Each structure stands twice: as C-alpha cells, then as structure tokens.
Amino acid sequence: VLLQASGGGLVQAGGSLRLSCAVSGVVVRFPAMGWYRQAPGKQRELVASETTGDSTNYADSVKGRFTISRDNAKNTVYLQMGSLRPEDTAVYYCNTRGARWPWGQGTQVTVSS
C-alpha cells in the first residue's frame, strides 16, 4: 500500500486548505481512514477519522473546522481544513484509523499569524 498526501502549503490564519491522500495498492474498498499530524517536537496525533457506520470523529482542537471525506472511485481521502490557526502548523499524514499501513511522506501545512 502506498499513501501519498498532497495539498499542503503556506496559508494565513483564518484561511482554508484541502488535503488529499491517494491510496494505491489496495484492491478492495479501503478501511476507515484517518488524518494525522505531527508538529515539530511533538508526537504524531490523530485529528480526524472515519468510524464504523460512515460516521466521523475529530480531535477537540479541530472539531467544527476540519472535515474528513472520501471518494471511493478515486481511492482518495480528503481533509478540508478551515479557520486555520498557527497551531495547526504540522506535517499531515493519512493512514488507516489504526495506523496499520506504512506511513507516506506527508504534506506540510504552515499557518502564519
């Protein structure tokens, strides 16, 4: 399985970005996915995930601002991020909800104040 995240960049506080994660090497519908992020000097954390029954779950820090979604036909998972804050600055990765696949490269998001 190969996970390729893209869509990051430099944005001002209050701005928006949409991240994409292309999943390749999976023959059947891929499982519940999550978006993770790792800021410098901090541990990687799960910020958004799909759950059973097509529900979603979010870390308190991003609730109401981020939305996870997927396009099964394109084998792609998205993270729509709005009202961005400087503390959202991190490298963002996607993986299964239990982080069972090898990590991809991630995409850098930098939010300036």
Side-chain angles (χ1 to χ4, degrees):
V1 174
L2 181 64
L3 303 171
Q4 191 162 5
S6 62
L10 174 63
V11 63
Q12 286 189 331
S16 300
L17 282 173
R18 188 176 83 154
L19 306 184
S20 299
C21 175
V23 181
S24 59
V26 179
V27 178
V28 297
R29 184 178 186 267
F30 49 99
M33 297 293 290
W35 279 94
Y36 300 74
R37 69 185 181 188
Q38 186 167 22
K42 294 188 177 181
Q43 287 190 331
R44 193 171 297 179
E45 62 172 339
L46 177 65
V47 296
S49 63
E50 301 172 317
T51 65
T52 55
D54 293 328
S55 296
T56 54
N57 196 35
Y58 300 91
D60 288 343
S61 58
V62 307
K63 200 170 292 183
R65 301 188 297 120
F66 290 11
T67 303
I68 186 172
S69 63
R70 67 161 62 193
D71 184 334
N72 287 324
K74 296 181 178 179
N75 277 1
T76 301
V77 183
Y78 302 99
L79 184 68
Q80 180 68 47
M81 306 188 296
S83 301
L84 283 163
R85 305 167 180 170
E87 54 263 40
D88 295 320
T89 295
V91 179
Y92 284 72
Y93 304 84
C94 68
N95 207 314
T96 66
R97 202 166 144 241
R100 296 194 303 271
W101 290 341
W103 292 99
Q105 270 195 316
T107 186
Q108 175 71 48
V109 172
T110 302
V111 184
S112 63
S113 56

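The structure displayed is predicted, hence computed values, not measured ones.
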What disulfide (SG to SG under 2.5 Å) pairs are there with at least one residue in [range], not counting sequence neighbours?
range	value
residues 30-63	none
residues 41-84	none
residues 41-113	C21-C94

Smallest separation among heavy atoms of [X] and [Y], with atom names:
X	Y	result
A48	L79	CB-CD1, 3.9 Å
T67	Y58	CA-OH, 3.3 Å
V62	V47	CG2-O, 3.3 Å
S16	G82	OG-CA, 3.7 Å
T89	A39	O-CB, 3.7 Å
P86	S113	CG-CB, 3.9 Å

Nearest 0.5 angstrom please: [X] [atom1] to [Y] [atom2], how far?
X	Y	atom1	atom2	value
I68	S49	CD1	OG	6.5 Å
T76	M33	OG1	CE	10.0 Å
F66	T56	CZ	OG1	13.5 Å
Q105	S6	CD	OG	11.5 Å

Checklist entry - Would you call D88-R85 a salt bridge at under 4.0 Å N-O? => result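 No.
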
Next on the checklist: Using the salt bridge (charged side-chain N to carboxylate O under 4.0 Å, His left out) criterion, which residues pair with K74? Sequence neighbours excluded.
Outcome noted: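 Scan of K74 (salt bridge (charged side-chain N to carboxylate O under 4.0 Å, His left out), adjacent residues dropped) gives none.
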
Checklist entry - Of all residues at least two apart in sequence or in a different chain, which pass the salt bridge (charged side-chain N to carboxylate O under 4.0 Å, His left out) check with R97? => result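 Testing R97 for salt bridge (charged side-chain N to carboxylate O under 4.0 Å, His left out), a comparison that skips the adjacent residues, returns none.
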
Set of side chain to side chain donor-acceptor pair (under 3.5 Å) partners for [X], sequence neighbours left out:
X	answer
T110	Q108
Q80	none
D71	none
E87	none

Item to check | ring-ring contact (aromatic ring centres under 6.0 Å, His included) partners of Y78, counting only residues at least two apart | outcome: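 Listed in chain order: nothing, the list is empty.
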
Next on the checklist: Applying a strict under-4.5 Å side-chain criterion to I, L, V, M, F, W and Y, I'd like to know whether M81 and L10 cluster together.
Outcome noted: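 No, no single cluster joins them.
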
Item to check | Contact check, side chains of L19 and V109, non-hydrogen atoms, under 4.5 Å | outcome: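 Answer yes - side chains close enough.
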
Next on the checklist: Which Ile, Leu, Val, Met, Phe, Trp or Tyr residues join W103 in one cluster when any pair of side-chain heavy atoms under 4.5 Å counts as a link?
Outcome noted: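 When side chains under 4.5 Å apart are linked, the cluster holding W103 also contains Y36, L46, V91, Y93.
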
Checklist entry - Which residue pairs pass the salt bridge (charged side-chain N to carboxylate O under 4.0 Å, His left out) test when at least one of the two sits in residues 39-52, sequence neighbours left out? => result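 Every pair satisfying salt bridge (charged side-chain N to carboxylate O under 4.0 Å, His left out) with a residue in residues 39-52: R37-E45, E50-R70.
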
